[in-house]
Amino acid sequence: MALIIGETATRVKAKDAWSRVGHVTAANDFGVYDLRYADKGSNVRSKGIDGYTPLGPELLDARDIDPDAIRLRTWVNGELKQDAVSGEDLLFGFADIVADISRLTTLEPGDIILTGTPTGSTVVTPGDTVEVEVTAGGKSTGRLRSPVADAAYDLTTPGAMPKADDAQRTAAYGHNNDAERASDTPDAVIAAVSAVSTATLASQLKKRGYESVTLDRLQITNPGLTMAGYARTVRYVPFREDLFKARGGGFNAQKQAVEQVRPGEILIIEARGDPTAGTVGDILALRAQVRGARGIVTDGAIRDSKALSEMSIPVFYGASHPAVLGRRHVPWETNVTVACAGVTICPGDIIAGDADGVIVVPRDIALEVAEASAEQERQEEFITERVAAGESVDGLYPLGRKWQPAYEQWLKEKDSA
């Protein structure tokens, strides 16, 4: 989303900042990864090329729209890649952004602020077409259409030349070979994590040195349900009368977090492990489910436990209690790093849960861990069959060299069946 300044802004307060915005439009902040190395973070070469940062095609009058209800969508070759709403997905609101910049830099009419990109940013290559649209209050910028093509010239010296090495490919794609890139989309990673148990994930993470990623002392409303998704966080602080009066009522942080939940996310509640008041009940849990949440985790208590046990998503919790949240908690803030059930959880972390419990899977190794877990579970299926047939576990569990040929033959037979 691009904000176009309409009035001069110098050290403007956040409450007045939106009035300095004249128009909103769509933008595409293209960049070439193989020139980033030469700029050391300034992005002059990688993002300053002729034709980059297209804007438009139409302007939305800022006076006519709600700054918290602006929607951004991005398509690559017709496939939706990004879908975000300003009031739900921006870490810092438009007013905060304008106020912050104007503290040190005077903003003049016509200046443009690009407000960041939501989840789903992806790599494009010549032949692709990228479209961006911003909508608000029934109005639309139209689709900003950008065909991607090879440059019509050769880059010559003097000056930095492109470097398309593994380091740059890894930075762009997250991996350095095409097969890995194709399988490392957010949906593919979550599918891989959800296909294995938390017990197996814990084993594989332990092998990689992660032993502080399992949430302790939690129960589950329905042991038959599982979940895997990205964390959406909310933090409660201990009850204090004046603070609850100021922040506990109305559209508080608890309700904001529920209304911010996106499909595929898991709501994580930090309640300091306090079991003496509810932190979520049936109505808000239902709302999270309707919005596409894959589960809820709280290290505090739940209310309406029977109703929660009948929902189609699991709720992991520390205790049950009939009292309302205001007995012990003040809903304080959303989308921040929290400490839930003894584990640090950041917004966007991958969370998995089943009858054994809940675990955090670091995103940068999630696919690797999930694939190793799948292989471990295949081996354990083979081992289970052999043990059921009377074999000793000596040399079989874990799978030893003696049994490797039999295991490989078993895999071939299984794949051909």
So [Y] and [X], do their side chains get closer than 4.5 Å, heavy atoms only?
| X | Y | result |
| --- | --- | --- |
| I70 | F94 | yes |
| T129 | W75 | no |
| F30 | V130 | yes |
| L215 | V297 | yes |
| H329 | Q254 | no |
| R20 | L107 | no |
| F244 | L325 | yes |
| D111 | I113 | no |

- Query: Taking it one step at a time, do I313 and L225 satisfy side chain to side chain contact (heavy atoms under 4.5 Å, CB included)?
  - Reply: CA-CA 7 Å; I313 60 172; L225 298 177; 5.6 Å; no

- Message: Please identify which of these residues, T198, L367, I350, meets the side-chain contact (heavy atoms from CB on, under 4.5 Å) condition with V361.
- Response: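 Going through the options one by one, the only one that passes is I350.
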
- Message: Among I296, V280, I269, which residue satisfies the side-chain contact (heavy atoms from CB on, under 4.5 Å) criterion with I302?
- Response: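 When I296, V280, I269 are each tested with I302, the side-chain contact (heavy atoms from CB on, under 4.5 Å) holds only for V280.
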
- Task: For I283, look at atom CD1 and say whether over 12 heavy atoms of other residues, nucleotides or ligands are found less than 6.0 Å away.
- Result: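 No, because the 6.0 Å sphere around CD1 of I283 holds 12 heavy atoms or fewer from other groups.
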
- Message: Does atom CZ (R208) have a neighbourhood of more than 12 heavy atoms from anything else shown, all under 6.0 Å?
- Response: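 Yes - once you tally the heavy atoms of other residues, nucleotides and ligands closer than 6.0 Å, there are more than 12.
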
Please give me the minimum heavy-atom distance between [X] and [Y], naming the atom from each residue.
| X | Y | answer |
| --- | --- | --- |
| I266 | I351 | CD1-O, 3.5 Å |
| A277 | R327 | CB-CB, 4.0 Å |
| A62 | W18 | O-NE1, 3.4 Å |
| L218 | G318 | CD2-N, 3.9 Å |
| A84 | P118 | CB-CB, 3.6 Å |
| V234 | A253 | CG2-O, 3.7 Å |

Can you tell me if [X] uses its side chain to pair, donor with acceptor, with the backbone of [Y] under 3.5 Å?
| X | Y | answer |
| --- | --- | --- |
| R303 | P322 | yes |
| T25 | A2 | no |
| R294 | A228 | yes |
| T233 | V336 | yes |
| D100 | D96 | no |
| E270 | A339 | yes |
| S416 | E413 | yes |
| R232 | R262 | no |
| D39 | R45 | yes |
| D349 | C346 | yes |

- Checking side chain to side chain contact (heavy atoms under 4.5 Å, CB included) for the pair M227/V358: CA distance, chi angles, key distance, verdict? CA-CA 9 Å; M227 68 179 188; V358 181; 4.2 Å; yes

- Checking salt bridge (charged side-chain N to carboxylate O under 4.0 Å, His left out) against E133, which of R73, K139, R145 comes through?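 With E133 as partner, R73, K139, R145 yield a single salt bridge (charged side-chain N to carboxylate O under 4.0 Å, His left out), made by R73.
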
- Before giving the answer on side chain to side chain contact (heavy atoms under 4.5 Å, CB included), spell out for Y317 and T221 the whole-Å C-alpha distance, their side-chain angles and the decisive distance to 0.1 Å. CA-CA 8 Å; Y317 62 100; T221 51; 3.8 Å; yes

- Task: For R36 and S46, run side-chain hydrogen bond (donor to acceptor under 3.5 Å, both in side chains): C-alpha distance rounded to whole Å, both residues' side-chain angles, the deciding distance at 0.1 Å, then the answer.
- Result: CA-CA 5 Å; R36 292 178 73 203; S46 63; 5.3 Å; no

- Task: List for me each residue that meets ring-ring contact (aromatic ring centres under 6.0 Å, His included) alongside F382, sequence neighbours excluded, and say none if there are none.
- Result: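 ring-ring contact (aromatic ring centres under 6.0 Å, His included) check on F382 returns Y407, W410.
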
- Message: Assess the residue pair E377 and T200 against the criterion (side-chain hydrogen bond (donor to acceptor under 3.5 Å, both in side chains)); give the C-alpha distance rounded to whole Å, side-chain angles, the decisive distance to 0.1 Å, and a yes or no.
- Response: CA-CA 7 Å; E377 291 190 350; T200 310; 2.7 Å; yes

Measure the spacing between [atom1] of [X] and [atom2] of [Y] and express it to the nearest 0.5 Å.
| X | Y | atom1 | atom2 | answer |
| --- | --- | --- | --- | --- |
| Y236 | R328 | OH | CZ | 15.5 Å |
| K13 | R103 | NZ | CZ | 10.0 Å |
| K81 | D83 | NZ | CG | 13.5 Å |
| R11 | L104 | CZ | CG | 8.5 Å |
| D299 | T279 | CG | OG1 | 8.0 Å |
| S309 | D282 | OG | CG | 11.0 Å |

- Task: Evaluate side-chain hydrogen bond (donor to acceptor under 3.5 Å, both in side chains) for D354 paired with S197, printing each intermediate quantity in order.
- Result: CA-CA 7 Å; D354 56 24; S197 71; 4.9 Å; no

- Query: Passes side chain to side chain contact (heavy atoms under 4.5 Å, CB included), V24 versus L3? Steps please.
  - Reply: CA-CA 5 Å; V24 177; L3 308 183; 4.0 Å; yes

- Message: Does E375 form a salt bridge (charged side-chain N to carboxylate O under 4.0 Å, His left out) with R378? I'd like the steps, not just the answer.
- Response: CA-CA 5 Å; E375 170 59 19; R378 283 190 292 269; 3.0 Å; yes

Which donor-acceptor pairs under 3.5 Å do the side chains of residues 49-60 make with protein atoms, sequence neighbours left out?
none

- Message: Check R143 with E131, please: is the shortest side-chain N to carboxylate O separation under 4.0 Å?
- Response: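 The answer is yes: the pair qualifies as a salt bridge.
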
- Query: Is it true that K412 and E408 have a side-chain N and a carboxylate O under 4.0 angstrom from each other?
  - Reply: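 Salt bridge absent between K412 and E408.
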
Ignoring hydrogens and angles, write down the donor-acceptor pairs under 3.5 Å from the side chains of residues 392-404, residues two or more places apart or on other chains.
residue, atom, partner, partner atom, Å
S392, OG, D394, N, 3.1

